Amino acid sequence: MKLSANTFVYEVGQVPIDKALESLKGLGFQYIDLAAYQSADPTLMTQDKRRELVKRFKGEGFTSSQLLLVHTQDIASSDEKKREKALDYMKKTTEFQLELGGKQVLVCWGCGVTESTIPHEQSWIYSVETIGEYASWCAGDGVLVGLEMDPHVYFVVNSMERMAKILEDINQPNVYPNVDIGHMCITRESPVTLSKFRGRILHVHLSETDTFEHTNSILGTGSADFFAYLKMVEALEADKTCREKNEILTAGIEMGEPGGEVDDPDRWMKESLAYLDRAVPGLEL
């Protein structure tokens with residue numbers, strides 16, 4: 001299993017993507033989970049900037065292990081125009097992932113946010129329809145669509161039980177569950193929960209928690225038991241699943257929260273690497 005670096009911590013720390021990639025190269029990373037947010041949001045880039053970033057990404061030898069679709073909170077909205085806008089963002093951002101040479105994308109925000117003005121069942125239907133349409137659009141290019149479980153009551157998918165159900169309802173072969181260890185710690189779903197996803201795991205997020213809040217702090221400063229979950233992922237032969245898709249199994253270091261504070265992204269990353277070296281030996285950059 002390889003380690004990847006999620007660029008979100010740099011965006012929260014107000015470090016633009018160019019400088020972030022420079023730092024991550026210096027730290028020895030090859031695999032990058034690129035957050036399509038702020039300076040790394042391709043929908044906000046000029047064409048020249050976009051081409052320049054792709055050229056640099058490939059020139060530095062980076063592998064785009066996952067691209068995070070950050071602005072997907074409206075995919076279950078009762079407002080059709082908001083759903084269409086979110087879907088348009090998802091498609092444009094996915095095109096950028098293909099330009100980078102990557103195949104994996106992640107639908108963030110727990111597959112959408114529920115609303116108090118409509119039944120939760122209707123939010124579920126909107127989410128299933130939007131993701132289903134998106135996955136069909138992705139299939140022709142071989143894009144692998146990961147879904148995020150977010151551990152709060154207002155998300156459409158807020159447990160791995162609901163993750164299993166939405167995968168069943170979407171029923172598309174290129175849709176997969178993302179495994180976020182910090183999220184699973186909050187929902188009190190043990191590593192054995194992952195057994196139901198044998199043959200479906202392609203990517204892992206290493207995020208921190210204080211057991212009640214998704215802190216996304218420096219790894220090792222909270223209570224997430226990374227070793228236990230990663231051991232289960234390996235037991236389920238996720239590496240074999242990835243090889244069948246010509247992918248490399250990666251575990252991404254995910255830190256930083258929207259509106260939060262990160263004083264020094266490089267320090268956060270270095271301290272997290274040092275912790276993982278002690279707590280989960282065998283992970284490679």
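Everything numeric here is computed off the predicted structure, so don't read it as measured data.
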Practice item. Measure the CD-CD1 distance between E133 and I170 for me, rounded to the nearest 0.5 Å. Key: 12.5 Å
Check your understanding: In terms of hydrophobic clustering (I, L, V, M, F, W, Y; side-chain heavy atoms under 4.5 Å; direct or indirect links), are M90 and L44 co-clustered?
Key -> no
For residues 31-39, which side-chain donor-acceptor pairs fall under 3.5 Å, sequence neighbours excluded?
unit_1: D33; atom_1: OD1; unit_2: S4; atom_2: OG; d: 3.2
unit_1: D33; atom_1: OD1; unit_2: S65; atom_2: OG; d: 2.6
unit_1: D33; atom_1: OD2; unit_2: S4; atom_2: OG; d: 3.3
unit_1: D33; atom_1: OD2; unit_2: H203; atom_2: NE2; d: 2.9
unit_1: Q38; atom_1: NE2; unit_2: E11; atom_2: O; d: 3.0
unit_1: Q38; atom_1: NE2; unit_2: E11; atom_2: OE1; d: 3.4
unit_1: S39; atom_1: OG; unit_2: E11; atom_2: OE1; d: 3.1
unit_1: S39; atom_1: OG; unit_2: E11; atom_2: OE2; d: 2.6
unit_1: S39; atom_1: OG; unit_2: I17; atom_2: N; d: 2.9

Practice item. Ignoring hydrogens and angles, tell me if any N or O in the side chain of D239 forms a donor-acceptor pair with the backbone of L249 under 3.5 Å. Key: no
Review point. Can L68 be reached from I248 by stepping across I, L, V, M, F, W or Y side chains whose heavy atoms are under 4.5 Å apart?
Key: no
Practice item. Test S123 against E115 for side-chain hydrogen bond (donor to acceptor under 3.5 Å, both in side chains), laying out the working first. Key: CA-CA 7 Å; S123 298; E115 300 173 354; 5.6 Å; no
Exercise for review: Check whether any side-chain N or O of K58 sits under 3.5 Å from a backbone N or O of E99 as a donor-acceptor pair, and report yes or no.
Suggested key: yes
**Study point:** Shared hydrophobic cluster, V113 / V70 (ILVMFWY, side-chain heavy atoms < 4.5 Å)
**Key:** no
Check your understanding: Does a side-chain heavy-atom distance below 4.5 Å link I201 with T241?
Key -> no
Check your understanding: Under 4.5 Å between any side-chain heavy atoms of V9 and M269, yes or no?
Key -> yes
**Study point:** Any T94 side-chain heavy atom under 4.5 Å of Y134 side chain
**Key:** yes
**Study point:** Test item: side-chain donor near acceptor, D74 and W109, under 3.5 Å
**Key:** no
Practice item. Mark yes when over 12 heavy atoms from residues, nucleotides or ligands other than K25 sit less than 6.0 Å from its NZ; otherwise mark no. Key: yes
Check your understanding: Which heavy atom in F29 sits nearest to a heavy atom in L285, and how many Å separate them?
Key -> CE2-CD2, 3.3 Å
**Study point:** Rounded distance (nearest 0.5 Å) linking atom NE2 of H120 with atom OH of Y154
**Key:** 12.5 Å
Check your understanding: Okay, side chain of R188, backbone of I186: is any donor-acceptor separation there less than 3.5 Å?
Key -> yes
**Study point:** Linked, directly or transitively: V175 and L87 (ILVMFWY side chains, under 4.5 Å)
**Key:** yes
Practice item. Output the distance between atom CD (Q172) and atom CG (L167), rounded to the nearest 0.5 Å. Key: 11.0 Å
Practice item. Could you please spell out the steps behind the side chain to side chain contact (heavy atoms under 4.5 Å, CB included) verdict for L67 and F96? Key: CA-CA 9 Å; L67 193 142; F96 185 59; 4.0 Å; yes
Review point. Rounded to the nearest 0.5 Å, how far does SG of C108 lie from CG of L147?
Key: 10.5 Å
Exercise for review: Can you establish whether the number of heavy atoms outside K270 located under 6.0 Å from its atom NZ is more than 12?
Suggested key: no
**Study point:** A251 to L230 - nearest heavy-atom pair and separation
**Key:** CB-CD2, 4.4 Å
Review point. Given K165 and D169, is the salt bridge (Lys or Arg N to Asp or Glu O under 4.0 Å) satisfied, shown in steps?
Key: CA-CA 6 Å; K165 176 59 177 171; D169 285 1; 3.2 Å; yes
**Study point:** T193 side chain near T187 side chain, heavy-atom distance below 4.5 Å
**Key:** no
Exercise for review: Spell out, yes or no, whether L24 and L276 are grouped together once hydrophobic residues are joined by side-chain heavy atoms under 4.5 Å, including indirect joins.
Suggested key: yes
Point to revise | Apart from L202 itself, residues in the same hydrophobic cluster as defined by side-chain heavy atoms under 4.5 Å | key: L144, Y176
Review point. Side chain to side chain contact (heavy atoms under 4.5 Å, CB included) between I125 and Q122: does it pass, once the steps are laid out?
Key: CA-CA 5 Å; I125 291 169; Q122 185 61 58; 4.1 Å; yes
Exercise for review: Mark yes or no for whether R83, through its side chain, and S127, through its backbone, hold a donor-acceptor pair below 3.5 Å.
Suggested key: no
Exercise for review: Show your reasoning for whether side chain to side chain contact (heavy atoms under 4.5 Å, CB included) applies to M255 and E271.
Suggested key: CA-CA 12 Å; M255 299 180 291; E271 291 185 11; over 6 Å; no
Practice item. Check the pair D48, R51 against salt bridge (Lys or Arg N to Asp or Glu O under 4.0 Å), reporting the backbone distance first and the verdict last. Key: CA-CA 5 Å; D48 286 344; R51 283 192 292 266; 2.6 Å; yes
**Study point:** Short side-chain to backbone donor-acceptor contact, R56 and D18, under 3.5 Å
**Key:** yes
Check your understanding: Is the CD atom of E244 crowded by more than 12 outside heavy atoms at less than 6.0 Å?
Key -> yes
Point to revise | Atom pair CD1 (I218) and CG (L273), whose distance is rounded to the nearest 0.5 Å | key: 11.5 Å
Check your understanding: Taking all atoms of both residues into account, what is the closest heavy-atom pair of K91 and W137, and its distance?
Key -> O-CH2, 3.3 Å
Exercise for review: Measure the shortest side-chain to side-chain distance between V156 and T114 over non-hydrogen atoms and say whether it is less than 4.5 angstrom.
Suggested key: yes
Check your understanding: With a 4.5 Å heavy-atom cut-off, do L21 and L53 have their side chains touching?
Key -> yes
Exercise for review: Determine the minimum heavy-atom distance between L3 and I253, stating which atoms define it.
Suggested key: CD2-CG1, 4.0 Å
Exercise for review: Looking only at non-hydrogen atoms, find the nearest pair between M163 and M149 and report the distance.
Suggested key: CE-N, 3.7 Å
Review point. According to the interplanar angle, ranging from 0 to 90°, do the rings of Y275 and F226 count as parallel (below 30°), tilted (30 to 60°) or perpendicular (above 60°)?
Key: perpendicular
Study note, to complete from the structure: Note: G182 and T209 closest approach over all heavy atoms is O-CG2, 3.9 Å
Review point. Is there side-chain contact between V107 and I75, with heavy atoms separated by less than 4.5 Å?
Key: yes
Practice item. Please determine, by modelled atom types, if S159 and E161 share a side-chain donor-acceptor pair under 3.5 angstrom. Key: no
Point to revise | Pairwise side-chain contact, V233 with M1, heavy-atom cut-off 4.5 Å (strictly under) | key: yes
Check your understanding: Distance-only, no hydrogens or angles: does the N6 side chain make a donor-acceptor pair with backbone N or O of E254 under 3.5 Å?
Key -> no
Check your understanding: L100 and F62: side chain to side chain contact (heavy atoms under 4.5 Å, CB included), yes or no, with the steps?
Key -> CA-CA 9 Å; L100 291 170; F62 289 122; over 6 Å; no
Revision key, fill the gap. Test side-chain hydrogen bond (donor to acceptor under 3.5 Å, both in side chains), reference H214, set H152, H183, E208, output is H183
Exercise for review: Look at the side chain of S77 and the backbone N and O of D79, then say whether any donor-acceptor pair between them is shorter than 3.5 Å.
Suggested key: yes
Practice item. Measure the spacing between SG of C111 and CG of D150 and express it to the nearest 0.5 Å. Key: 9.0 Å
Point to revise | Distance-only side-chain donor-acceptor flag, E148 / H205, under 3.5 Å | key: no
